[in-house]
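Just so it is clear, the values below take in all heavy atoms, side chains as well, and ignore hydrogens, waters and symmetry mates. If you're wondering where the values come from, they're calculated on a predicted model, not measured in any experiment. Each ligand, and each atom within it, is numbered from 1 in the order the structure gives.
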Amino acid sequence: MELRILTSGGAETALEESVIGAFEGRLRGDLLRPGDAGYEEARKVWNGMIDKRPALIARAASVADVMNSVNFARENDLLVAVRGGGHNVAGTGTVDGGLLIDLSRMKGIRVDPEQRTAHVEPGVTLGELDRKTQSFGLAVPLGVVSETGIAGLTLGGGLGWLRRKHGLSSDNIISVDVVSADGRFLSASDEENPELFWGIRGGGGNFGVVTCFEYRLHPVGPEVMFDFVFYPGERTKQVLRSLNEFMTQAPDEVSPVGVLGRVPHDETFPEEWHGEQFVAILAMYSGEVEEGERVLRPLRELGEPIVDFSGRMPYVEAQAVLDEDYPEGGRYYWKSHNVNGLGDEEIEHLIAHAEAAPSAHSTIDVWYQGGAMGRVGAAETAFGDRGAPILLGIEANWEEPHDDEANVTWARECVSDMRRFSDGGMYLNFPGFMEEGQKLMQEAYGQNYGRLVALKDEHDPANLFRLNQNIKPTA
Ligand SMILES: Cc1cc2nc3c(=O)[nH]c(=O)nc-3n(C[C@H](O)[C@H](O)[C@H](O)COP(=O)(O)OP(=O)(O)OC[C@H]3O[C@@H](n4cnc5c(N)ncnc54)[C@H](O)[C@@H]3O)c2cc1C
């Protein structure tokens, strides 16, 4: 018996059952083949656009399992994907015909409230980590949807409601444990393997499989003030102008996102507004609740709202307010671009694109940057330049396969049009399908790209870890 499987170069090869059996015998977790119970569930990722069938899924239960899997992949020259939470929008957390190393069962979390640190395994989701750290009144800056995996999010940067107060998720890594392409178990921090540590903070899964993240924790919550207010689309220009003005004076505690979209057919919104354009402001205040209520109030008084869901709420709840908007198995294509600001002309273009969206679920998100995340120098971490005041997230979200082309085209056209307002730069966790290849990497990493190639040459010259935001090694 033998199994057909793809090599790193994409050619088909045969693996003897005895070779696979020996690998399986070394795993504490399990090894799934097509047809096995649990395989269909295990092969799925969040984005319904991605429908891939790995030849083997190694569900790692320990660091030793990860080392065994990496060694097995390298020794047999296999095409390999690595999965944390399975939420990568480009679907890099799976592979057709190759080996998937699935870390989603590695869910250990150890919080040290005295030192304000947390050691976290790579299968943990944002919500799981938030719930644990909040039992001590602490938090790691993470993203804004609780079901996302901490691993891919952190390795690519990590933008959330605490970004202007405490930086990106990756800015809050103290150290990592990594299984490298040659199967070694390394630690990386400012003191140990500092260049690898530099590359891990924004460089994605290029340099090895991270088996533990040590994060810095911050006092947050347990309650926070959260603004979540929807205004009529016809007021978009005034609302975004006011938000711009507000941000010229705003403290770092405020990390808002402006959203352009269409009111859902949902009973929590007044029926007469269903399907109409809206502009929304979402912002958490990461400080004392009463102060947050006062500071954020002006953003709730920009005219008569369609609906205002703002209020004080537990931090873990605020971290999940958007969960329902992103059901697993929906179809998604997200791109992003930095812009230098939002003047009237930029806003007019955004309004036109929002109105042209083929799907009522799609949005254009205006992420205000700066604050703590902006104070980290471009060369300090692999993530690169953070100078742009605003990141646009263009989210095409839809349901039916026959609408794929229209929605993907809409997002691409929007990004391509908004480039005129930018000095460059984008966010690799909102990467489309990374169809631009190395051009996209060069654009995202800017002056850090060459240093990343050198690091890739050192740690993964054969590009074993290639199904990711891939930095191509020189060879
Ligand atoms: C609903 C939703 C909401 C989101 N919201 C935000 C947000 O608010 N802020 C934000 O910044 N981003 C956000 N994102 C984007 C998110 O950061 C990326 O999609 C990220 O890749 C998800 O991580 P994951 O572990 O779930 O992904 P996976 O698909 O499991 O992994 C993505 C890639 O990361 C690498 N990887 C994963 N684990 C490891 C590991 N342990 N070691 C080495 N490499 C690894 C692999 O290359 C893998 O292909 C969101 C995504 C979704 C789907």
Side-chain angles (χ1 to χ4, degrees), residues 44-50 52 60 63 66 69-70 80-95 100-104 106 120-129 141-163 168-171 176-181 199-200 202-213 255 257 282 284 319-334 336 363 365 367 369 373 383 391 393 395 397 427-432 434 459-460 464-471:
K44 276 193 206 150
V45 289
W46 164 82
N47 188 352
M49 286 280 276
I50 313 295
K52 296 189 173 168
V63 175
V66 176
S69 303
V70 168
V80 60
V82 176
R83 176 189 303 173
H87 269 53
N88 188 276
V89 192
T92 56
T94 186
V95 56
L100 169 61
I101 304 177
D102 179 359
L103 309 165
S104 62
M106 293 179 65
V120 187
E121 287 193 319
V124 170
T125 63
L126 273 50
E128 289 164 345
L129 182 53
L142 297 168
V144 303
V145 175
S146 77
E147 285 148 16
T148 316
I150 57 119
L153 175 120
T154 301
L155 292 169
L159 285 172
W161 301 125
L162 304 180
R163 65 191 179 278
L168 302 174
S169 310
S170 58
D171 297 334
V176 283
D177 293 336
V178 184
V179 175
S180 62
I200 288 282
N206 273 289
F207 310 110
V209 182
V210 175
T211 55
C212 183
F213 294 87
S255 304
V257 179
L282 285 76
M284 178 188 290
Q319 283 286 95
V321 291
L322 296 175
D323 282 15
E324 280 181 14
D325 296 335
Y326 300 101
E328 188 166 353
R331 303 178 84 77
Y332 303 95
Y333 178 86
W334 295 359
S336 58
T363 60
D365 307 335
W367 296 74
Q369 306 191 109
M373 72 164 278
F383 184 84
L391 174 78
E395 289 188 11
N397 308 325
Y427 179 41
L428 280 170
N429 273 341
F430 304 151
M434 298 195 246
H459 284 277
D460 186 18
L464 179 70
F465 303 116
R466 66 179 61 200
L467 299 179
N468 49 35
Q469 51 201 75
N470 195 228
I471 311 283

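The backbone N or O of Gly93 lies less than 3.5 Å from a partner atom in the side chain of Arg83, making a donor-acceptor pair.
Protein residues having at least one heavy atom under 4.0 Å from any atom of ligand 1 are Trp46, Val82, Arg83, Gly84, Gly85, Gly86, His87, Asn88, Val89, Thr92, Gly93, Leu103, Pro122, Gly143, Val144, Val145, Thr148, Gly149, Ala151, Gly152, Leu153, Leu155, Gly158, Leu159, Gly205, Gly208, Val209, Val210, Tyr326, Trp334, Trp367, Tyr427, Asn429, Phe430, Leu467, Asn468, listed by chain and number.
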Which side-chain N or O atoms in residues 141-148 pair as donor and acceptor under 3.5 Å with protein atoms at least two apart or in another chain?
| residue | atom | partner | partner atom | Å |
| --- | --- | --- | --- | --- |
| Ser146 | OG | Asp323 | OD2 | 2.4 |
| Thr148 | OG1 | Val145 | O | 2.8 |

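Considering only residues two or more places apart in sequence or on other chains, Tyr333 meets the ring-ring contact (aromatic ring centres under 6.0 Å, His included) condition with Phe433. With sequence neighbours excluded, the residues satisfying salt bridge (Lys or Arg N to Asp or Glu O under 4.0 Å) with Lys44 are Glu41.
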Pair Ile200, Leu155 - check side-chain contact (heavy atoms from CB on, under 4.5 Å), show working. CA-CA 6 Å; Ile200 288 282; Leu155 292 169; 3.7 Å; yes
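Relative orientation of the Trp46 and Trp334 rings is perpendicular, given thresholds of 30° and 60° on the angle between their planes.
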